Amino acid sequence: MLYSSQAVAKPYFIAAIALFVGQILFGLIIGLQYVVGDFLFPILPFNVARMVHTHLLIVWLLLGFMGAAYFIVPEEADKELHSPKLAILLFWVFLIMVVLTLLGYLLVSYATLANLTGNRFWPTMGREYLEQPTISKLVLLIVAIGFVYNIGMTIFQGRKTVINLVLLTGLIGLAVLFLFAFYNPDNVVLGKYYRWWTIHLWFECVWLLIMAALLAFVLMKITGVARELIDKWLYVITAAVLMTGILGTGHHYYWIGTPEYWQWWGSIFSAIEPIPFFVLTVFAFTMVNIRCCEHPNKAATLWALGTAVVAFLGAGVLGFLQALAPINYYTHGTQITSAHAHLAFFGAYAMVVLTMISYAMPMLRGRAAANSHRSQVLEKWSFWLMTVSMTFIALLITTAGTLQVYWQRFVAEPLPFMAVQEKLVVFYWMREVAGLIFLIGLVVYVISFFVGGEDKGETSAGVN
Amino acid sequence: MDQVVQKPAEIPGYTLAITAESLYLLNLLAIPGLAFLILLWLFFKYENSSPLLGACHLRQTFSASIWAGVLLLLVNGVIFAVGGYQTPYTWVIAVLYFTICHTTLVLLGLLGLAKAIAGQSFHYPLIGPTC
């Protein structure tokens, strides 16, 4: 670790992992509620548990991104962070907001929460992924602005690298596009139209820039490949993300009341949305092929390569599977969408944050460059347990989704929704088992941080 | 430490290796048939006369493309011929089989392309001949 202010990343990473564990626990609860409908009812209804599951997903990833940026930017800018105190203050503000929002979800009804938080004065609640009370959204926006200011000033006063600038572009995009979460017109079509400017342009555009920058940084450090080479690949990936992701928003506009031309634009640009993931995979493997295996942190290398591959599978392949309008006509809102969401979020974002934590945490904990061999073996086990089980989750719900489409939307006399769900129970049970294995993998990941042994020192890699 | 400057582009057969891997991927993803015809032409023209790296990637991608055709077209044809179009489980098997098989073939192509860009040879597991 080159700069002491990089240490502010540590609480962000710890909180991110804690919330990740919470997300998986709630995922298991809703997975069980699929097959045992009254499990924990009425204490924890399905809709509330699902809301907590997706809320935790977003906030732990945001914490991970912020921690990663605080670790990377000083090193890339070649100077201390502009204000470490601001970073710590924003961490606590964000965490308190997250906890209070969770308590609100869990302790009172959603309608009561809306009433208590004054949603009637500025109604923004009640939309998937944007369920947070308006006041929570405002706090998130303030944190995002403060964070971008801190990161931006560090870069402004220091060295400007391609990694820093791509990361900053993604982070500014994240903050700016969140503004559309505050626009919730009475017209439902308009409301849905602009909601995707936050949701889609986050997940399928600016977050990808952040992910690419994080991956590029880690790959540069663990392989020691020349920065110029990394920069060229990052330019290509950035261009591919922006060219495909922005108009790719169209695949959300097929059936919400928008003009018909979106079925063409959405299909065309969604069909090419796998390109950045394709390039990212070639990039990651090329870098490791060119100059592999000198860095002692083998676990981080595994996470980095895994990120590229699973992002390609989840976001690229499973996304394309339902992106074309004539196919989406049947698959829209089925378990096939859920399969894509699970593998894409895990591959593209959860894994890149875990990559960053895997790379940075040993140094943040005072070790030279990597954890001990024993710790890394455990971490690799956690990688395989989580990756394989999440792949099985995606395949199982793709299977359930295919059957759902057939019985519910394809046959001449479609079955009702719940009749179809009863036929899919066996797949939901298998999904639950896979989810448990995922949890075991996550527990192993956490345990790996507490395994001692002689830590691995710095090598010739990582000189950029 | 001195920065190691990698110049895989200087290895003989580098361009041919990348071209072969790109055509293999284009055959799977964008222009099926046409990309294979170009690969076929390259194979017969350069297989015995090109440097080691190019010849290796050419042989691998040519063999893998033929296997891809068999695995994706023939096997799927058999699945529908046996199961029929009106059975839901035929669709489940066909969708899962095609997705997994096609994705695996594309991933192998990505690894092959990454190796080619790095100036290294690559062996497609199970479906590639020895270089």
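Computed from a predicted model, the values in this text were never measured in an experiment. Proteins get letters first, then strands, A, B, ... in listed order; numbering begins at 1 in each.
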About how many Å separate OG1 of A/T286 and CD1 of B/I117, when rounded to the nearest 0.5 Å? 4.0 Å

Let me know if A/Y406 has heavy atoms under 4.5 Å from chain B in its side chain, its backbone, both or neither. side chain

More than 12 heavy atoms from other groups under 6.0 Å of NE2 on A/H332: no

I need the A/I272 CD1 to B/L29 CG distance, nearest 0.5 Å. 13.5 Å

Heavy-atom count around B/L52 CG within 6.0 Å, excluding the residue itself: above 12? no

Kindly check if the number of other-residue, nucleotide or ligand heavy atoms within 6.0 Å of CZ (B/F43) is above 12? yes

Chain A contacts: which residues in residues 65-89 of chain B have a non-hydrogen atom closer than 4.5 Å to it? B/Y85, B/Q86, B/T87, B/P88, B/Y89

Rounded to the nearest 0.5 Å, what separation is found between the OG1 atom of A/T281 and the CG atom of B/L107? 7.0 Å

If you round to the nearest 0.5 Å, how far is OG1 of B/T103 from CG of A/L321? 8.5 Å

Interchain contact, A/F278 with chain B, by part (heavy-atom threshold 4.5 Å): both

Is it the case that over 12 heavy atoms from other parts of the model lie below 6.0 angstrom from the CZ atom of A/F392? no

Need one label for B/I100: side chain, backbone, both or neither, based on atoms under 4.5 Å from any heavy atom in chain A. side chain

side-chain contact (heavy atoms from CB on, under 4.5 Å) partner of B/L110, chosen from A/V309, A/V279, A/V282: A/V282

Region of A/V317 that comes under 4.5 Å of a non-hydrogen atom in chain B: side chain

Exercise: identify the closest heavy-atom pair between B/Q120 and A/N289: NE2-O, 2.8 Å

So what's closer than 4.5 Å to chain B heavy atoms on A/T399: side chain, backbone, both or neither? both

Pick from A/V405, A/I336, A/T402: which one makes a side-chain contact (heavy atoms from CB on, under 4.5 Å) with B/V95? A/T402

